[in-house]
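Contents: one structure, followed by commentary.
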2 protein chains.
Amino acid sequence: MASTTKEVDVAVIGAGGVGACFLKQLAYLAKSRPSSRIRLCYFAIIDRALCHDDYSDIDIDNALSLLDSDGFDPPQIPDVIKYLSAAPGKVIVVDNTASGLMAASYPEFLKNGISTITPNKKAFSGSYQLCAGGSFVYHETSVGAGMPIISTLNELIETGDQVTLIEGVFSGTMSFLFNSFSPPEGQGGKWSIEVKKAKELGYTEPDPRDDLNGLDVARKITILARLAGLPIESPSAFPVQNLIPKELQTAISSKEFLQKLPDFDHILEKEREEASKVNKVVRFVGKVDIISGEAKVGLKWFEKSHPIANLQGSDNIINFYTKRYGNLPLTIRGAGAGGEVTAMGVTGDLLKILRQI
Amino acid sequence: MASTTKEVDVAVIGAGGVGACFLKQLAYLAKSRPSSRIRLCYFAIIDRALCHDDYSDIDIDNALSLLDSDGFDPPQIPDVIKYLSAAPGKVIVVDNTASGLMAASYPEFLKNGISTITPNKKAFSGSYQLCAGGSFVYHETSVGAGMPIISTLNELIETGDQVTLIEGVFSGTMSFLFNSFSPPEGQGGKWSIEVKKAKELGYTEPDPRDDLNGLDVARKITILARLAGLPIESPSAFPVQNLIPKELQTAISSKEFLQKLPDFDHILEKEREEASKVNKVVRFVGKVDIISGEAKVGLKWFEKSHPIANLQGSDNIINFYTKRYGNLPLTIRGAGAGGEVTAMGVTGDLLKILRQI
């Protein structure tokens with residue numbers, strides 16, 4: 001009855017917000033799954049790397065301090081691939097960076113039988129296959145962090161349902177901003193003040209313009225649209241509303257941007273006022289109509305009773321409209337950002353691969 | 001690079017609402033997955049069965065009419081197990097019945113290396129292991145039909161999150177009844193009329209008392225609580241509010257029940273009125289607090305802006321409160337009943353097993 005223990009060598013790149021949380025979850029997994037022998041065989045951040053020539057375990061609990069004490073300059077990626085290809089177990093690379101260089105290497109990893117997991121949506125161009133010659137690539141966390149968005153979409157499609165429309169709030173930052181700025185009840189504050197508040201609370205990227213340009217949402221829509229079979233070439237191949245005022249889309253600093261933003265508050269405040277006149281609220285949504293082939297990212301008005309109007313905090317919400325689900329969508333809602341929940345999605349992907357190798 | 005084709009022999013029991021839809025999806029799957037060679041090797045309903053001594057395929061597209069023309073009296077379950085155990089491929093039994101006899105046989109199936117999938121919540125006592133000696137048992141559809149409820153809960157737990165509370169509307173019938181009877185806006189109708197309407201529209205069991213007794217929700221709460229690690233013995237081990245008036249919990253016919261129900265409308269209408277006085281609506285929810293160990297099924301009042309107050313149609317909603325997700329839950333909402341979506345969950349389970357065998 002006993003099945004053989006699976007030997008798995010995990011390489012982890014990155015130890016930022018998600019990466020640090022993932023390490024803790026990996027330590028938990030290594031202890032809680034007797035059916036797999038999970039080893040951390042390679043660990044690297046941008047300027048340090050750690051591994052042993054004999055592939056002996058790196059102590060996961062102390063990986064960060066070991067990196068400090070025993071780490072060396074990171075090898076070039078071809079050398080990393082060479083090292084990993086010769087590992088005794090099945091190899092899984094977990095890339096918790098936002099590095100384009102790493103992302104460009106995924107095909108090489110896969111070709112060499114190395115499975116890859118990443119939350120990196122910037123990198124994920126969608127041209128990878130889920131499974132290539134015994135290796136796998138999973139990126140659940142590239143949309144909606146730890147929520148089961150991509151796995152759900154894949155299952156809808158694989159079982160033969162027809163996904164007709166996907167619509168939702170895909171950015172925790174945009175959710176937080178508009179839930180405060182245009183609440184279903186009461187009065188929202190000034191736009192520039194909401195942006196400042198969101199930045200202070202850590203809900204935005206270091207430069208809030210990286211959220212306000214809509215590109216993050218456009219990337220997520222691109223990923224979902226492609227999975228649903230729509231050949232969208234890139235996040236710039238469809239209309240994406242940029243909430244940075246045209247006059248501030250210049251080479252000014254983030255600080256200067258925030259100083260000048262109040263001069264443009266009237267734009268969004270006018271939009272809010274017009275929506276309010278017809279008893280609606282303003283939200284920043286991404287939408288892809290799989291039937292007509294149209295994708296769009298930008299502001300949209302919603303009835304105050306609509307689920308998208310009633311989000312809280314920085315929650316994401318994703319609605320899947322499908323033939324089988326009919327008029328009412330399958331909806332998934334919850335935290336779409338944060339180290340712990342994103343790391344959980346990465347760990348979930350690791351579990352999925354562990355079951356298959 | 002080419003991996004070997006997986007040979008899979010599927011036995012399907014039942015061809016009711018879910019079963020008939022599942023057959024169509026199985027036919028789709030058999031055609032769309034070149035990596036697996038999926039054969040229907042056994043097909044049975046309560047009084048007919050079909051299989052070939054040489055395990056040659058049953059034509060899935062015509063299985064129902066073949067059952068009619070070529071079927072025979074169903075063999076006893078031990079004989080079915082004997083037949084399936086000798087099949088050339090990996091064997092998966094899909095039990096789309098609500099038969100207790102079938103359910104009692106799952107351990108025997110598993111012992112013989114036969115994986116089992118079922119939407120049968122009545123049968124599912126929760127004492128099975130997910131994986132036993134190379135065979136698997138999946139029952140995603142026993143809660144929330146095709147929605148990813150059980151897989152999500154399992155992933156939360158397996159990755160080391162702490163689920164603290166699960167609360168939701170788990171019955172499509174109860175959802176439909178209370179969304180109409182106690183709407184957030186406007187006035188609901190008479191209780192007995194809502195029940196009649198729900199029955200006429202096919203939203204209730206043939207005898208609506210099988211919904212109103214709360215047992216269906218209690219079974220689902222039991223399944224989720226156990227998966228979350230709470231040793232609940234049975235659906236009758238915790239308080240379950242029965243909406244059948246005491247005086248009608250007797251051996252009367254379903255027709256007589258519906259005739260007498262209007263005499264008891266004042267009970268729920270009083271509850272609705274009291275909730276309304278504090279600006280709330282009434283919903284029938286299931287709840288399990290994993291920390292305190294308390295489970296409960298029954299009426300509860302919700303603020304009109306609460307997601308549970310704003311369901312539509314017969315939608316289910318399930319909120320997972322966890323340590324990692326913090327104050328705001330991970331929420332999944334959508335159709336929790338219906339042949340197509342339930343069959344989709346069964347097919348999804350089949351896909352999960354296909355990936356692992």
Side-chain angles (χ1 to χ4, degrees), chain A residues 1-3 21 24-25 27-29 32-33 35 131-134 146-148 151-152 154-156 158-161 184-185 304-307 310 312-315 317 319-320 322-335 338 340-341 343-348 350-352 355-356, chain B residues 1-3 21 24-25 27-29 32-33 35 131-134 146-148 151-152 154-156 158-161 184-185 304-307 310 312-315 317 319-320 322-335 338 340-341 343-348 350-352 355-356:
Chain A
M1 297 285 280
S3 55
C21 292
K24 276 188 242 161
Q25 296 184 19
Y28 172 85
L29 211 63
S32 66
R33 281 186 82 83
S35 60
C131 167
M147 296 195 291
S151 57
T152 297
N154 278 332
E155 191 168 300
L156 290 168
E158 283 186 271
T159 61
D161 198 1
E185 283 172 40
K304 290 180 178 181
S305 62
H306 195 284
N310 285 283
Q312 284 185 281
S314 60
D315 270 1
I317 186 169
N319 291 321
F320 295 105
T322 83
K323 198 177 161 204
R324 289 184 187 143
Y325 273 95
N327 289 331
L328 296 172
L330 170 60
T331 299
I332 301 175
R333 170 185 163 163
E340 284 283 5
V341 294
M344 183 154 56
V346 174
T347 307
L350 181 57
L351 281 167
K352 286 182 198 106
R355 287 191 200 103
Q356 294 176 68
Chain B
M1 299 285 279
S3 54
C21 291
K24 275 187 244 160
Q25 295 184 20
Y28 172 83
L29 211 63
S32 65
R33 281 186 81 84
S35 59
C131 168
M147 294 195 291
S151 57
T152 297
N154 277 333
E155 190 169 299
L156 289 169
E158 284 187 271
T159 61
D161 198 0
E185 283 171 39
K304 291 181 176 181
S305 63
H306 194 284
N310 285 284
Q312 284 184 280
S314 60
D315 270 1
I317 186 168
N319 290 322
F320 295 104
T322 85
K323 198 176 160 205
R324 288 184 188 144
Y325 273 96
N327 290 330
L328 295 172
L330 170 60
T331 300
I332 301 175
R333 169 184 163 164
E340 284 283 4
V341 293
M344 182 153 57
V346 174
T347 307
L350 182 56
L351 281 167
K352 286 183 199 106
R355 286 191 202 103
Q356 294 177 68

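These figures come from a predicted structure and were not determined experimentally. We name chains A, B, ... by the order of the sequence lines, and we start the count at 1 in each one.
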A:Asn319: which residues meet the side-chain hydrogen bond (donor to acceptor under 3.5 Å, both in side chains) condition with it, sequence neighbours left out?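 In terms of side-chain hydrogen bond (donor to acceptor under 3.5 Å, both in side chains), with neighbours along the sequence ignored, A:Asn319 is linked to A:Thr331.
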Non-hydrogen atoms of chain A under 4.5 Å away: do they reach the side chain of [X], the backbone, both or neither?
X        : value
B:Tyr325 : both
B:Pro307 : side chain
B:Leu328 : side chain
B:Leu351 : side chain

Counting only non-hydrogen atoms closer than 4.5 Å, does A:Leu29 touch chain B with its backbone (N, CA, C, O), its side chain (CB onward), both, or neither?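 Interface part for A:Leu29: side chain.
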Pair A:Lys352, B:Glu155 - check salt bridge (charged side-chain N to carboxylate O under 4.0 Å, His left out), show working. CA-CA 10 Å; A:Lys352 286 182 198 106; B:Glu155 190 169 299; 3.5 Å; yes
Report yes if some heavy atom in the side chain of B:Glu340 is under 4.5 Å from a heavy atom in the side chain of A:Lys323; otherwise report no.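 Of all side-chain heavy-atom pairs linking A:Lys323 with B:Glu340, none is under 4.5 Å.
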Chain B: which of A:Gln356, A:Met344, A:Gln312 shares the most heavy-atom pairs with it under 4.5 Å?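 Sorted descending by pairs with chain B, the first entry is A:Met344.
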Count the heavy-atom pairs under 4.5 Å between each of B:Pro184, B:Ala335, B:Gly334 and chain A, then report the option with the highest count.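 Maximum pair count with chain A is reached by B:Ala335.
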Which heavy atom in A:Thr152 sits nearest to a heavy atom in B:Pro148, and how many Å separate them?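 Minimum heavy-atom separation between A:Thr152 and B:Pro148: OG1-CG, 3.5 Å.
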Go through the structure and list residues passing salt bridge (charged side-chain N to carboxylate O under 4.0 Å, His left out) with A:Asp315, not counting sequence neighbours.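 Testing A:Asp315 for salt bridge (charged side-chain N to carboxylate O under 4.0 Å, His left out), a comparison that skips the adjacent residues, returns A:Arg333.
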If I take atom CD1 from residue B:Ile332 and atom CE from residue A:Met147, how far apart are they, to the nearest 0.5 angstrom?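 Output value for this atom pair is 9.5 Å.
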Working to the nearest 0.5 Å, report the span between SG of B:Cys21 and CZ of A:Arg324.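 Between B:Cys21 SG and A:Arg324 CZ, I get 8.5 Å after rounding to 0.5 Å.
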